[in-house]
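Keep in mind the model is a prediction, meaning the values are calculated, not measured. A, B, ... follow the sequence lines: proteins, then strands. Residue 1 opens every chain.
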Amino acid sequence: MFRSRLRDGASHSHIVTDASRIPRLLPLPAGKLLRDYPLGPIDGYLISRVDGQASVADLIAMTGLTEPVVSASLDKLVELKLATCERASVAPKTPPATASSPRIEAVKTKPVSEQPAARRRSSTGDLRRDDLKPPRALYDPSEIDEDVDLDRALRQRILDVFHGLEALDYYALLGIPAAADKKSIKRAYYALATEYHPDKFFGKRLGSFKSKMEAVFGRMTLAHDTLTRRDLREDYDRYLDDRSKTEKHEASQRAPIAATATVLMPASPEPPTDAASARAAADDAAPKLTVSDQSRRDAFARRLVGSRHAHAPPAPAAPITHSIDPDALRRHYEDRVSGARDRVIAGHLTAAEAALERDDAAAAASACRQALELTPPTHDLRPALESVLAAATTELGESYRRQAAFQEKSALWKDAAKSWANAVKCLPDDAAAHDRAAAALLKANGNLHEAAQLATRAAKLSPDSVTCRVTLAQIYVAAGLNLNAKRELEAALLLAPGDATVVQLLKHVGK
Amino acid sequence: MEKVIGIDLGTTNSCVAIVENGTPTVISNRGGYKTTPSMIAVTEAGKRLVGHIAKRQAITNAENTVSAAKRLIGRKWTSPQVKNTVATSSYRIVEGPHQDVRIALREKDYSVPEISAMVLQEMKVIAEDYLGQPVTKAVITVPAYFNDNQRQATKDAGEIAGLEVIRIINEPTAAALSYGFGRPVEKTVAVYDFGGGTFDISILEIAPNGVFKVIATAGDTFLGGEDVDARVVDWLVQGFKAEHDIDLRQDRMALQRLKDAAEKAKCELSGTVETEINLPFIISSGRSEALHLQRALSRATLEELTLDLVERTIDICRQTLEDARLAKDEIEEVLLVGGMTRMPKVQESVQGFFEREPSKGVHPDEVVALGAAIQASALVDEKHDMILLDVTPHALGIMTFGSYFEELIPQNTTVPTNRQKIFTTSRDNQTAVKILVMQGEHEKAEDTDVLGEFILTGLRRAAKGQVEIEVTFEINADGIVSVRAKDLETALEQSIQVTATSGLTRDEIKQMMDNAKDDLVDRRVSEEFEGFRQEAQKLSADIERLLPQVEQIVASSDFGRDAIDKARSMLAKTQQAVERKDAAALKEQLEALARTQRMFKGVVAKTH
C-alpha cells in the first residue's frame, strides 16, 4: 500500500516524498522541444503549474491529483532532467544531488503522527528504517522496559518492527525499493538476519523478545522467499498494486467531491483545490496558460467526445462591453458558468481517460463520479463519462478479484471476504465473483445472511452453475436451514447428475 | 569461557573438534587417530569397550559388539528399517518397553541412545584429555533428513553422556559452515554427503556477511556405506551358498567377518581395480571340515552391485535441485562429504550430474565435526557474526478427519517460522478435538511420524463444521516445535511444546545418565589404577633385579639386613594391592618403592 506506481528505476534517488519540496523547471537543452519527451497529459499539466513557488503539497492541492500521481510525475520530470525538486529551506541554487540525505532528515524530524501509514511509501530508492516505524502508540510502552539482555535501542527497534508487521509490506519490511533486484533483496535480508536472528543473542536473557524476534525474522524470511521467486513476486506485486488502487478508491469514496463548490464559482480568486477547477480558475483568474494551450485542451476534449458529437467549443466569452444590459450580463455570466462547467467536465473526462490509460482505475472512477455530479442528464459528455466510469469500475472490480484471490491463497479469509464484497460492488453482474464472495464470507465465519444474499445473486446470475448452488447450499447448512440446502442441492443434482460433492452434501443434509 | 565441542556422531566413525583461538581443529584420540569407530562392545568380563578397541575385537565377540547404532536411533520397533537391521546385524536387537528398540549385550538390554551415549562419552573424554578441563556442552550433528524423533534421541544420547546439547545441526550444513568459515564468499553450494549410514544433499547460499542459508535439503536416512557393504556381503554369501550350499548368515561370527572383509574390499577398490577377499576357516561344514572363502572382487563388479544405490542419491539430488528451483549451472560449488564419496563411481556420478568438478577443499571425514565446532563457537562467542539459517527437512502438520495429513509447515521452510490454518469440527456437538502432530511428506497420516498429541476441550456444542479451530505451528530458533490450538469463537486456547519421542522416558534417561556417569567414574578409577600398577610393577621389577646385589653388598651390616627385609615386605604389599585392585594402597606404596629403588641403585653404583 505504500508503493508508488513507478517500479522501473532504482535511479529514482531524488524521489519526491517530502511534500515541502519545491519543484522547479529546468531550461530545455538547446534544440530540444518539450514534445520530444515521453510525457503524458498529467505531466504536461503539472509542468504548467510548476512555477518555482508552489511546493509539492501546493501542487497536490492545486491540481487535485493524488499525492502518488503527483510524486510519480515529478519523479519522471526529475529523471528526465526537466525539473529539480528541492527542499524549501535549501537555497534554490543547491544542486539536486544532495537531495537524498536532507530528505531523510526531514522524515526524521517529522512527528510520527503526521505520517499517516497509507501515505508512506516504500518505493523510494533510499528508504531508511526510520521510515518503517509504525506509530508508537500501537503498543504498550512498558513492553520496552522488560528486563532482558538487549540494549534499549535494539529493544525499541524490535518492538517497532514487531508491532508494525501487519502494516509493513514486504519491501518496506526489508527496507528495499520496489525495483530492487534479487541480489539486493538477498543482501538486505542477510544483513537483517544478523540483526534480528535470535541466535545472535544465544544464551542471553531475551524474555518475550525472543519470540518477537522470531516472528519478525520469520516474516522477513517470508518476504525474502516471496520476493526472490519470480512467480511469487509477480503475484505479490499485483496484489500490492491492486491493494493500493482499491485503497485509493475507498479513500476517495470516503471523502467525495469536496471541490464541487469551488468549481461552480469559476472566477473565485481562492486557490482552487481540484484539478479541473484549477484549470478553470487558471483560465479566468490566473492567465498563465497560453491561448494555444487552451485551444489544444479544448480540441483534446472534442476528440475524446468523438466526432459524432458536434460539441462546439464553448463560445468565446463575449467581450465585456460597457453597455449595462442586465440580460446580457446575466447571459454573459451564465455562458461563462456553463462554459467553465463544460471545461471542468471535459477536464475530468480527460483526467479519467488518462487515468484509465495508465491503469489507475480508482482515479478514473473518482474523476468520472466528480464529473457526473456536475453533468446535467442530457449533457453531451454524459455517455462518454458513463462508459469510462463503467470501464474503470470493471477494472477496479478485477483489481479486487485478484486481490481477493491472493488473499484466499494466503488463507486470509476475512480480508478475502472484504475484497470480494468490494469486487461484487464493482461487478454487479459477475456470477463467479458473487459465488466466491459468498464462499469467502462463509469461510471467514462472516455474516451468513449476507453470504446467502451473495450466493443467491450468484445463482440467479448463473442459474446453470453447480458451484453456485453448492455454495448456497453450504451457506444454508451453516445457517441450519437444511431444507433450503436440500432444495438447492436437488437443483444442483439436476444440473449435474451424480456429482460427488453434491451427492455427499445431500447425504449429509438428509440426515 | 567454557569450551563447547562439536561432535560428528557418525554411523561408522565419529569425530570431535573445537575452535581454539579462532581456528577449528579436530582433536585426535589417544591412538592418534582423528576419527574413532562408532562401535562399542561388552567383553566377557563385563568390561565396556569403545572405538578402535571395540572394533578390533569385533570378530571374536561379534554378538556383543554394536556397530551402526545410528541406523536404529529414534526408530520404532515396527519400522521396516529396524526389521531390516534385525535380519542382518550380528548383535541381538529386541523390542523395548515403549515400542522402541533395545540391544541385548551379555545380560543387559541397552537402549539405542545409551549405546550412542557411550560413543559420545568417548568423544567427550578425548576432548577433555586434550583440553585438560571438563567439557559439558556440545553441538552434535545429525543427518539433515533425520526426523524430530531421531533428533530427540540423539539429544537424549548427549544428555546420557553428560553433555548439554546446545544445538543439533545438520551434517551437510556443518560441512558448508566449515567450507565457508573465514572466507567471505558469496556462493551457492551443494553438499553431497554420502556417509556410512545415511545420504544427504543440501543446497545452501553463503552470504559474505557470514549468513548461511539452507535452501533445500533431502536425503535418505537408510542409505550409506553400510548398504554398499551389505551388497558385497550378499554377493559373497550367495557365491558361497552356490559353492558349498551353506548359508553363512546363520553364523554371526562368519557374518561379522564377511562385513569386515566387504568394507575393506570396498575401501581398497577406491584405489585399485581389483582386490581379493580371503577368509580362511570361515565356517565348518556339517562334516566338521573347515571351509574357506576366497574370491576376487573387481571395481566393475562392485559398481554393478551398487549401481542402484548411487543412482538413488543422484535422483534425490535432482529432486532437491528442483525443490530449490535452481538450475545445475547455478550451483557454484559441490562439496563431497562422507567416506562413500571416496568411491570413484560416486565422484564420477556427482560430477556427471552437476556438470562440475567437486571441490577438493574439504576433508570428507573431518569437515562435519569442524562445522559443528564452528557453530558451537558462533553461538557462545559474541565476537562471531555467523548466522546459520537451516530448514525443516520434513513437512509438519496435523492429522485431520479421515486420517489425512494436513500440512502446516512445508518441507524446506526456514526456521524460525510459524504458520496457521483453520480447521473445523468433524462431528456434531463435538466438544473436544484431538490434535495429532505429525511429520512427513505423505498424504496419508499413517505414513508419517507422530510427534505428539494434545486435546483441546471445552468447545461449544454445534453442528459439525461450525466450530472453527485455529491451529498455529511454531518452530523456534532452537528447533523446538510448539503447537497452539484456539477455538476462534470462545478464544479458548491450548498449546503444547512438542517433544519428539526418542523412545525413552525422562526417568529412564535420568537412570541411564547416572549409569553412564558411574561407568565413567569406574573407568577413570580403573585407568588411574592401571597407571599406578604399571609404575609399581616397573619399580618392583627394578628392586627385585637389584635385590641380590644389594643383599650381597650390605650383608655385613644389621642396618642393611633390615633394609632388605623392609624392601621384601614392600614388594609383597605392592603385590597384594595389585591383586586387590586397591588403587589407594598402591599409590601409598609407590613413593616408598621409588625411594627404595633410588637407594638400591645408589648402593650398586657406589660399589662398582
Side-chain angles (χ1 to χ4, degrees), chain A residues 149 165 182-183 185-204 206 210-225 228-232 410-414 442-446 448 474-475 477-482 485 505 508-509 511, chain B residues 1-2 4 137 139 166-167 186 188 205-213 215 324-325 375-382 384-391 408-410 412-422 424 428 462-468 470 474-478 480 482 488-489:
Chain A
D149 296 340
L165 276 184
K182 199 165 161 178
K183 208 164 187 169
I185 294 169
K186 286 192 174 296
R187 287 244 169 83
Y189 170 70
Y190 287 138
L192 290 166
T194 59
E195 196 173 342
Y196 290 100
H197 198 287
D199 272 2
K200 187 92 174 111
F201 307 95
F202 185 85
K204 299 271 161 57
L206 296 179
K210 185 167 186 222
S211 62
K212 283 175 183 137
M213 288 170 89
E214 280 166 352
V216 167
F217 183 71
R219 185 65 69 90
M220 285 170 173
T221 304
L222 196 60
H224 163 272
D225 292 352
T228 52
R229 257 184 61 187
R230 202 199 292 162
D231 51 341
L232 296 182
S410 318
L412 302 164
W413 293 109
K414 288 207 170 92
L442 181 65
K443 280 203 174 114
N445 219 2
L448 286 178
Q474 281 169 331
I475 293 165
V477 171
L481 302 169
N482 278 9
L505 272 169
H508 171 73
V509 171
K511 269 189 241 161
Chain B
M1 190 175 39
E2 199 195 333
V4 183
K137 289 180 179 159
V139 169
I166 65 167
R167 186 65 57 87
E186 189 169 8
T188 306
E205 261 173 28
I206 305 178
N209 67 341
V211 178
F212 292 73
K213 185 179 197 267
I215 303 171
R325 290 184 173 75
Q375 171 69 2
S377 142
L379 287 177
V380 297
D381 187 347
E382 283 167 49
H384 279 283
D385 252 351
M386 199 206 78
I387 293 284
L388 172 56
L389 307 174
D390 220 322
V391 298
L408 270 108
I409 297 184
N412 291 327
T413 302
T414 306
V415 288
T417 186
N418 68 79
R419 299 285 162 93
Q420 58 252 88
K421 222 173 215 173
I422 293 171
T424 60
D428 289 341
K464 68 173 161 191
Q466 286 280 301
V467 179
E468 293 193 313
E470 183 186 67
E474 220 172 78
I475 308 180
N476 77 1
D478 305 306
I480 294 166
S482 32
L488 282 178
E489 184 141 322

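Heavy atoms closer than 4.5 Å to chain A are found in both the backbone and the side chain of B/Ile166. When heavy atoms are compared at a cutoff of 4.5 Å, A/Thr194 approaches chain B by way of both its backbone and its side chain. With a 4.5 angstrom heavy-atom cutoff, B/Leu379 touches chain A via backbone and side-chain atoms both. Neither the backbone nor the side chain of B/Gln420 comes within contact range of chain A, judged by heavy atoms closer than 4.5 Å. Using a 4.5 Å cut-off between heavy atoms, A/Arg229 touches chain B through its side chain atoms alone.
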Verdict with reasoning, A/Lys186 to B/Glu186, per side-chain contact (heavy atoms from CB on, under 4.5 Å): CA-CA 11 Å; A/Lys186 286 192 174 296; B/Glu186 189 169 8; over 6 Å; no
Derivation of the side-chain contact (heavy atoms from CB on, under 4.5 Å) call for A/His224 and B/Leu389: CA-CA 13 Å; A/His224 163 272; B/Leu389 307 174; over 6 Å; no
Candidate pair A/Asp199 and B/Gln375, rule side-chain contact (heavy atoms from CB on, under 4.5 Å), full reasoning: CA-CA 10 Å; A/Asp199 272 2; B/Gln375 171 69 2; 4.2 Å; yes
Test log, rule side-chain contact (heavy atoms from CB on, under 4.5 Å), inputs A/Tyr196 and B/Ile387: CA-CA 10 Å; A/Tyr196 290 100; B/Ile387 293 284; over 6 Å; no
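Put simply, OG1 on B/Thr424 and NZ on A/Lys443 are 10.5 Å apart, with the number rounded to the nearest 0.5 Å. For the atom pair A/Tyr190 OH and B/Ile206 CD1, the distance stands at 9.5 Å (nearest 0.5 Å). One distance of note links NZ of B/Lys213 with OH of A/Tyr189; it measures 4.5 Å at 0.5 Å rounding.
Considering all non-hydrogen atoms of both residues, B/Val415 and A/His197 come closest at O-NE2, 4.2 Å.
Of the listed residues (B/Met386, B/Arg167, B/Lys421), the greatest number of heavy-atom pairs within a distance under 4.5 Å of chain A belongs to B/Arg167. Taking B/Thr417, B/Thr414, B/Asn418 one by one and counting their heavy-atom pairs under 4.5 Å with chain A, the maximum is reached by B/Thr414.
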